Amino acid sequence: MAWNVFKFCTALRALGSIMIVFVLAVIGLTYYAVVIAHYGPSLFLGSFETFFAIVVLIVFHSLLVMVMWCYSSVVVTDPGGVPPNWRPLTDEEKGDADPLVGSGYGSAQLDPKQSATVAVSQEIRFCHKCKQFKPPRAHHCSVCRRCILKMDHHCVWVVNCVGALNYKYFLLFLFYTFLETTLVSLLLLRVFMEFFNEGEIDETPGSLAATFITFVLNIAFTLSILGFLIMHITLVGANTSTIEAYEKKTSPKWRYDLGWKKNFEQVFGLDKKYWFIPAYSEDDLRRLPALHGFEYPTRPDLEPLQQH
């Protein structure tokens with residue numbers, strides 16, 4: 001029998017906030033090894049060592065700020081739940097005000113050969129656990145015990161679901177964490193190279209042990225996060241989630257795949273100034289209904305148009 005990786009999240013519910021404490025402990029240990037034990041004291045050595053330490057500390061702290069900002073945003077942001085008594089709108093209720101048709105964010109920009117109207121999925125979905133209707137792409141989380149809009153997965157590292165409203169923040173957290181852990185690994189590798197070349201280093205046993213543990217942890221995080229980044233970049237490019245990728249393994253076509261550019265914009269928005277920070281512009285929130293997690297444009301060639 002195949003092992004369902006998503007059921008594994010339920011067994012991790014007991015970890016709770018322990019994971020947040022662990023993450024903060026790793027960050028604190030890393031800060032000690034990089035800033036306090038090594039590159040902070042290098043500020044007073046003079047010449048090139050001082051200049052190099054200044055550059056290192058500026059880059060390190062800048063990335064650390066982004067890591068903490070993105071991490072806290074993923075933790076505290078509701079991934080998007082289905083309101084009580086929510087139901088899908090009928091075609092008569094949508095009318096000409098359908099945001100997927102009237103916003104201009106439609107198939108006319110996908111391919112000139114395709115129809116100029118976006119096909120909207122009319123599939124009615126019902127959650128038997130929540131006892132209510134659920135929007136397209138929403139899934140029930142057994143850990144949170146509710147349906148999550150465009151649920152990707154329940155992440156124990158952030159003690160929260162990753163869904164429509166915080167998926168971008170999660171991706172940015174992975175991105176900045178990868179940059180930070182890579183930087184730390186390279187900086188501490190330099191320390192170990194000096195140790196092995198010179199045969200001795202001016203450090204206490206405790207400091208050397210903390211440096212070694214930090215180096216091993218950051219190398220491990222760098223390699224593992226790189227794999228996650230590659231996976232999620234692929235998912236964004238196909239406009240799918242981890243759960244959807246698991247569910248549609250046997251389906252070669254995906255109706256929400258609008259092309260790489262449109263798929264990217266449905267996660268990061270149209271405003272480039274906001275692409276690298278955990279926030280959206282008001283214009284994007286108004287122009288892109290997909291950012292709210294309830295309705296998504298689909299490919300007209302893969303979903304028949306509704307006749308009115």
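Given the structure is predicted, the values throughout are model-derived calculations rather than measurements.
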*Does K150 reach the side chain of F294, with side-chain heavy atoms less than 4.5 Å apart?*
no

*What's the shortest heavy-atom distance between V236 and F264, and which atoms?*
CG1-CA, 4.0 Å

*Counting only heavy atoms not in F52, do more than 12 sit closer than 6.0 Å to its CZ atom?*
yes

*Quick one: salt bridge (Lys or Arg N to Asp or Glu O under 4.0 Å) pairs with a partner in residues 70-81, sequence neighbours left out?*
D78-R146

*With rounding to the nearest 0.5 Å, note down the distance linking CG in L171 to CD1 in I233.*
8.5 Å

*To the nearest 0.5 Å, how far apart are OG1 in T211 and CG in L29?*
8.5 Å

*With the side chain counted from C-beta on, respond yes when T214 and Y32 share a heavy-atom pair under 4.5 Å apart, and no when they do not.*
no

*Does any pair with a residue in residues 131-151 pass ring-ring contact (aromatic ring centres under 6.0 Å, His included), and if so which ones, sequence neighbours excluded?*
F126-F133

*Can you list the steps and then say if D283 with L270 is a side chain to side chain contact (heavy atoms under 4.5 Å, CB included)?*
CA-CA 9 Å; D283 287 340; L270 297 170; over 6 Å; no

*asked:* Which label fits F173 and F170: parallel for a plane angle under 30°, tilted from 30 to 60°, or perpendicular past 60°?
replied: tilted

*Name the one of C144, C141, P79 that satisfies side chain to side chain contact (heavy atoms under 4.5 Å, CB included) with M151?*
C141

_Side chains of N85 and Q132 in contact at under 4.5 Å (non-hydrogen atoms)_ = no

_Heavy-atom pair with the smallest gap, counting every atom of S185 and T222_ = OG-OG1, 3.8 Å

*asked:* Hydrophobic clustering (ILVMFWY, side-chain heavy atoms < 4.5 Å, transitive) - are V21 and V159 grouped together?
replied: no

Enumerate, atom names and distances included, each donor-acceptor pair closer than 3.5 Å involving a side-chain atom of residues 43-50, sequence neighbours excluded.
unit_1, atom_1, unit_2, atom_2, d
E49, OE2, R190, NH2, 3.3
T50, OG1, L43, O, 3.1
T50, OG1, G46, N, 2.6

*asked:* Measuring from atom CG of L165 to atom OH of Y280, what distance do you get when rounded to the nearest 0.5 angstrom?
replied: 8.0 Å

*Which heavy-atom pair separates Y296 from P136 by the least distance, and what is that distance?*
CE1-O, 3.9 Å

*Side-chain contact test, heavy atoms from C-beta onward, threshold under 4.5 Å: evaluate it for N239 versus R137 and give yes or no.*
yes

_F228 CZ to L235 CG distance, which is reported to the nearest 0.5 Å_ = 11.0 Å

*Check the pair V162, H154 against side chain to side chain contact (heavy atoms under 4.5 Å, CB included), reporting the backbone distance first and the verdict last.*
CA-CA 6 Å; V162 177; H154 187 93; over 6 Å; no

*Going from CG on L226 to OG1 on T182, what distance comes out if it is rounded to the nearest 0.5 angstrom?*
8.0 Å

*Sub-3.5 Å donor-acceptor pair from the side chain of E244 to the main-chain atoms of S241, do we have one?*
yes

*asked:* Is the terminal nitrogen or CZ of R299 (NZ for Lys, CZ for Arg) located under 6.0 angstrom from the six-membered ring centre of Y256 and within 45° of that ring's axis?
replied: no

*Can you check whether L179 reaches L183 side chain to side chain, under 4.5 Å on heavy atoms?*
no

*With no hydrogens and no angle check, is any side-chain donor or acceptor of K134 less than 3.5 Å from a backbone partner on C147?*
no

*Taking all heavy atoms of W86 and all of V82, pick out the closest pair and write down the distance.*
CB-CG1, 3.7 Å

*Output all residues satisfying salt bridge (charged side-chain N to carboxylate O under 4.0 Å, His left out) with K131, sequence neighbours left out; order by chain, then residue number.*
none

*To the nearest 0.5 Å, tell me how far L291 CG sits from F268 CZ.*
11.5 Å

What donor-acceptor contacts under 3.5 angstrom involve side-chain atoms of residues 63-75, with partners at least two apart or in another chain?
unit_1, atom_1, unit_2, atom_2, d
Y71, OH, W157, O, 2.6
S72, OG, M68, O, 2.9
S72, OG, W69, O, 2.9
S73, OG, W69, O, 2.8

*So do P297 and L258 actually touch side chain to side chain, heavy atoms under 4.5 Å?*
yes

*N218 side chain to F215 main-chain N or O, any donor-acceptor pair under 3.5 Å?*
no

*Backbone of G269 reached by a side-chain donor or acceptor of D284 within 3.5 Å*: no

*Just by distance, do the side chain of R125 and the backbone of P135 share a donor-acceptor pair under 3.5 Å?*
yes

*Given side-chain hydrogen bond (donor to acceptor under 3.5 Å, both in side chains), test D152 with T242 step by step and report yes or no.*
CA-CA 5 Å; D152 187 86; T242 302; 2.8 Å; yes

_If hydrophobic clusters are built from ILVMFWY residues whose side chains come within less than 4.5 Å, do I27 and L186 share one?_
no

*Look at the side chain of H38 and the backbone N and O of A33, then say whether any donor-acceptor pair between them is shorter than 3.5 Å.*
yes

_Could you report the tightest heavy-atom contact between N263 and A238, atom names first, then the distance?_
ND2-C, 3.7 Å

_Partners meeting side-chain hydrogen bond (donor to acceptor under 3.5 Å, both in side chains) with Y176 (sequence neighbours left out)_ = none

*When clusters are formed by joining ILVMFWY residues with side-chain heavy atoms under 4.5 Å apart, either directly or through shared neighbours, do V267 and L174 land in the same one?*
yes

_Which residue is it: Q266, H232, H153? I am looking for the one with a side chain to side chain donor-acceptor pair (under 3.5 Å) to Y167._
H232

*Given side chains that start at C-beta, do those of F221 and T177 come closer than 4.5 Å, heavy atoms only?*
no

*Salt-bridge present (K261, E265; N to O < 4.0 Å)*: yes

_Closest heavy-atom pair and its distance - V35, F60_ = CG2-CE2, 3.6 Å

